[in-house]
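First comes the structure, then the notes that go with it.
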Amino acid sequence: MAAELAFANLADVKPFKTEWRIQVKIVHTWTQYTQYTGETVEMILADTSGTLIHATIKKQQMNKLQRFITSGEWRIIEKFTLAKSTGKYRATKHGFKMSMMQKTVISRTPPLSDDIYLDLANFQDVLDEGGLNENILIDVLGQVVSFNEMKTHDVNNKITKKLDLELRDTNDERLKCTLWGRFAEAMWNACQNAGTERVIALLRLAKINSFKGERSVSNAFDMSLLEINATYPAVLEFVANLPPDAMPLAIQEAKPKHGNQLMKKKEYYDRFPRKTISGLFCFSEIGKCNIIVTIMKIDTDYSWYFFCCLKCHKTAYKIPKVENEIAKKGKKEMFWCPTCKEDTPKVVPRYLLNVGVMDSTGDTNFLIFDKNAQEIIGVSAEDLLEGNWDEIQDPTNLPQPIKDLVGKTFQFLVTVGKENINETDDTYKVSTVWLGNDFDNLDTIEDSDQPTDQHNDLSIDQEALALTYSSETTDANGPTSSTPSSKRSIDDCSVDCEGQSSTTKKACIPSILGDIEKEEIEVGKK
Ligand SMILES: [Zn+2]
């Protein structure tokens with residue numbers, strides 16, 4: 001029998017042969033899924049000299065090898081292939097990446113060291129534009145000195161949490177850091193519960209990003225590993241060397257959007273004609289209209305959310321649990337996607353709000369899709385469901401944040417489609433929502449005592465405001481009469497709707513107007 005090969009240093013392994021034998025610690029492992037490779041197990045391995053290498057177990061070897069993969073344990077690995085490490089997310093600075101093959105053998109071996117083999121990057125080297133290679137992931141250790149409010153972003157059609165924070169090192173150098181998804185949530189919780197304690201973040205496999213010459217770090221999808229207030233010797237030493245003068249950890253106030261950003265959005269809105277609801281009914285071109293309306297009701301004939309298949313972005317349906325089946329913890333719920341014609345666990349709940357809206361000229365229905373709904377509700381559908389992905393049983397039992405929409409006034413861009421013009425559908429699709437606080441640029445409020453706050457619950461003030469607004473806009477479209485008050489709106493409406501065949505739309509207008517007028521009069525009395 002041939003003598004066993006000596007252990008090679010990780011620094012020496014190269015692609016020219018496969019007969020390598022190494023003794024390594026698994027310092028980090030994660031699973032990865034891509035359409036091309038399917039599910040793989042990824043690892044970061046370290047040898048006793050501290051050299052790190054990225055290694056992959058492909059689907060084909062998973063059954064045989066996966067059981068040997070435990071983070072923190074030592075293994076002997078024999079026979080594997082190596083390939084050049086390329087791409088924008090190179091996990092280590094090793095020039096090569098390992099792949100297990102059919103003849104790979106992994107065996108257990110007693111631990112050789114407690115070291116976690118960090119490859120910590122100096123903040124200054126991260127910040128320097130000519131510094132570290134952005135394509136190679138790094139380990140970052142820092143004290144969180146400030147954090148922003150949690151935000152949500154639409155990333156590849158999946159609503160994802162995003163948390164921006166600032167780290168400092170022992171030289172008091174500052175480095176901006178963005179965390180996404182579960183990383184953002186873990187950090188958010190730690191910061192919220194920190195009290196007067198320091199929050200120390202250890203982010204392994206962090207990605208260096210560069211934006212307009214400013215460099216920052218973020219987690220690299222699920223590859224990264226975040227440990228908060230870890231007690232490794234390296235972390236304790238870091239804490240001991242921190243300058244003592246850090247300010248208490250505080251949440252940063254949300255910065256107001258840049259004026260020019262707001263201006264841009266306003267300019268965009270101004271490109272489209274401003275309409276009232278009655279004006280919308282008469283609009284006979286396919287296109288977009290700019291409109292201010294108050295949400296009157298949530299149509300509970302429809303569910304307020306649907307499950308979106310992440311593959312085709314169409315509706316998927318929950319597959320009911322098999323009766324008497326023991327619910328396994330962590331077992332993924334399955335959904336049927338009629339478009340992909342397959343069962344899938346990969347779905348996300350999304351808003352699809354059917355709302356009744358009104359202004360002083362009429363009422364109609366708007367359909368508000370996920371992103372816009374989230375903007376006006378303030379949380380994602382996923383967060384609102386809190387993991388309860390069962391079908392709705394009582395449609396009137398709406399979550400409070402959705403109920404709270406009733407009575408609120410928003411400016412929308414709505415799409416006027418063919419189905420709206422030929423009246424086969426009376427629901428308009430909302431294209432974008434405007435939360436800008438400058439409604440008063442759009443209308444002149446005749447009574448200067450009228451509050452302009454758009455975010456109260458349904459109140460006479462808002463209706464009055466919508467009324468004022470409508471008489472302004474109809475000026476642009478209709479006859480130039482200067483008579484203020486709601487009376488005019490009725491006149492305008494009848495002008496607007498001349499020649500329109502739908503009576504159902506018209507029929508609803510006077511009654512609503514009547515109510516508003518009544519309330520207006522009462523306001524006047526006060
Ligand atoms: Zn699908």
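Numbering of ligands and ligand atoms starts at 1, following listing order.
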Chi angles and distances behind the ring pair (Phe, Tyr, Trp, His ring centres under 6.0 Å) call for F369, Y351 = CA-CA 6 Å; F369 293 100; Y351 288 118; over 10 Å; no
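Between H54 and the options W30, F96, Y89, a ring pair (Phe, Tyr, Trp, His ring centres under 6.0 Å) holds for only W30.
Contact check on R204 versus D119 returns no salt bridge, with no Lys/Arg side-chain nitrogen under 4.0 Å from an Asp/Glu carboxylate oxygen. Classification of R75 and E73 as a salt-bridged pair holds, one side-chain N sitting under 4.0 Å from a carboxylate O. The residues K176 and E214 are annotated as salt-bridged, a charged nitrogen and a carboxylate oxygen being separated by less than 4.0 angstrom.
Checked by atom type, the side-chain pair D359/T276 shows no donor-acceptor distance below 3.5 Å.
Distances under 2.8 Å from the Zn ion (ligand 1) pick out the protein N/O/S atoms C309 SG, C312 SG, C337 SG, C340 SG.
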